[in-house]
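This one's a predicted model, so the numbers in the text were calculated from it and none came from an experiment. Just so you know, ligand 1 is whichever comes first in the structure, and atom 1 is the first atom listed for that ligand.
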Amino acid sequence: MRIILFGPPGAGKGTQAKRLVELYGIPQLSTGDMLREQIKLQTPLGLQVDAVMKSGGLVSDDIVVAMINERTSREDCHKGFILDGFPRTIPQGRALNAMLEARGEAIDVVVGIDCPDDVIRERTVNRRSCSSCGAIYHLTSMRPTVDDTCDRCGHVGLTHRDDDQLDAVNKRLGKFHNETAPLRTLYGQILQTVDGTQSPDEVTAAIQVVLESVRRQQRLKGLAGLASPYAGEGYGAGHGLAAAGGSIKASVAAAGASWADDSASTVTDDDDDSADGDSADDDDEEIIELPKRSPALLKGVGA
Ligand code: AP5
């Protein structure tokens with residue numbers, strides 16, 4: 001299943017994506033993590049984007065589109081993936097559609113995680129993360145067991161991101177409302193929203209309900225011999241994404257080439273192992289075994 005996690009900075013996309021990786025065995029593709037890795041490695045790309053990211057601005061569409069084009073074409077994305085932080089602008093959404101359409105693929109569902117701005121400010125200012133394994137903590141709601149030490153990998157010295165200073169957070173919120181939120185209109189019928197102010201477990205359960213419902217609809221459509229509304233040309237046409245496909249395909253290809261030239265060999269993704277480790281029938285489109293859930297956890301799911 002190809003999933004987009006959609007929401008403002010600090011809504012919990014990264015927290016939830018890591019849980020979904022564990023549950024479903026498909027990789028998390030976080031453009032923020034990929035870019036931070038480039039900065040850490042001091043590559044030409046990292047040096048280019050460092051200041052923009054610190055200030056809370058957006059990296060140019062060409063760069064992130066090329067990254068995602070290259071990353072989604074890798075073997076471990078064959079069964080699906082979880083996009084976290086991409087797309088973030090209308091041109092990125094159109095480019096994503098074009099690159100998937102060129103491969104006969106489509107996004108199955110966009111899961112929106114709703115969270116008001118004041119909650120976002122509190123979460124980001126108090127967020128800490130592990131620079132070694134990427135685990136995410138919060139100074140009050142998700143503290144590590146031992147202060148300043150990662151529960152998952154034992155790394156000592158949790159990091160407070162530069163762009164989690166209040167000024168940068170406010171700028172990121174502005175970017176979200178002005179440039180990212182309009183993507184909602186592009187995703188129309190495949191956007192399902194959950195309440196991100198619930199506990200992390202409740203948010204995970206709500207997302208599972210959404211994914212289960214999408215899978216059920218796809219199975220029913222398959223049984224009836226109908227094309228899925230979530231796949232193929234119907235999706236692109238239905239969302240006004242197909243029109244610009246030709247020119248975007250060209251720009252995706254061009255951007256992909258420059259990305260590969262500059263830094264493809266240095267891009268890393270911590271989730272590759274878990275995805276590769278899942279050896280279920282690779283060629284079968286019915287790939288996700290949905291874990292059991294409690295009906296009580298339906299709370300917070302809305303269209
Ligand atoms: P990116 O890394 O993608 O940042 P973001 O989208 O702003 O999202 P965050 O990582 O800040 O938050 P999150 O939603 O993952 O929340 P988290 O789970 O950590 O991007 C960073 C920068 O890179 C951008 O500003 C831009 O410059 C650049 N960039 C990236 N992608 C780009 C693109 N496509 N185009 C252009 N530029 C791009 O949770 C936050 C905190 O809340 C944590 O402390 C967590 O413990 C806590 N928390 C989570 N869930 C809950 C809960 N349910 N209850 C209580 N606390 C919770």
Within-shell test, R161 vs ligand 1, heavy atom, strictly < 4.0 Å:
yes

How close do H160 and D164 get, heavy atom to heavy atom, and via which atoms?
NE2-CB, 3.5 Å

Assess the residue pair T72 and R103 against the criterion (side chain to side chain donor-acceptor pair (under 3.5 Å)); give the C-alpha distance rounded to whole Å, side-chain angles, the decisive distance to 0.1 Å, and a yes or no.
CA-CA 11 Å; T72 53; R103 300 176 200 155; 2.9 Å; yes

Counting only nitrogen or oxygen atoms and a 3.5 angstrom limit, does D84 reach ligand 1?
no

Below 4.0 angstrom, N of the basic side chain to O of the carboxylate: do R74 and D76 qualify?
no

Which atom pair, heavy atoms only, marks the closest approach of F6 to R184?
CE2-CG, 3.7 Å

Which residue and non-hydrogen atom of the protein lie closest to atom 12 (O) of ligand 1, and at what distance in Å?
G10 N, 2.8 Å

Going by heavy-atom distance to atom 29 (N) of ligand 1, choose the closest among L35, V64, L5, V203.
L35

What protein heavy atom is closest to atom 35 (N) of ligand 1, reported as residue, atom name and distance in Å?
Q92 NE2, 3.0 Å

Give me the nearest non-hydrogen protein atom to atom 3 (O) of ligand 1 as residue plus atom name, then the distance to 0.1 Å.
R88 NH1, 3.2 Å

According to a hydrophobic-cluster definition based on side-chain heavy atoms being under 4.5 Å apart (Ile, Leu, Val, Met, Phe, Trp, Tyr only), do V59 and M34 belong together?
yes

Answer yes or no: does an N/O atom from P87 fall short of 3.5 Å to an N/O atom of ligand 1?
no

Is the shortest side-chain N to carboxylate O distance from R19 to D201 below 4.0 Å?
yes

Out of all atoms in ligand 1, which are within 4.0 Å of some heavy atom of R36? Include the element for each.
2 (O), 21 (C)

I need the minimum non-hydrogen distance between G93 and Y187, along with the two atoms involved.
CA-OH, 3.8 Å

Please write down residue, atom name and distance for the protein heavy atom closest to atom 52 (C) of ligand 1.
R123 NH2, 3.3 Å

shortest atom 37 (N) of ligand 1-to-protein heavy-atom contact is with V59 N, 3.1 Å

Non-hydrogen atoms of T124 versus ligand 1: any pair closer than 4.0 Å?
no

Between R127, R172, R128, flag the one that comes closest to atom 17 (P) of ligand 1 by a heavy atom.
R127

Restricting to non-hydrogen atoms, name the atom on M53 and the atom on I39 that form the minimum distance, rounded to 0.1 Å.
SD-CD1, 3.8 Å

Just which atoms of ligand 1 are under 4.0 Å from any heavy atom in S141?
55 (C), 56 (N)

What is the closest protein heavy atom to atom 23 (O) of ligand 1, and at what distance does it sit?
M53 CE, 3.2 Å

Might you point out which heavy atoms bring P9 and R172 nearest each other, and give the distance in Å?
CB-NH2, 3.4 Å

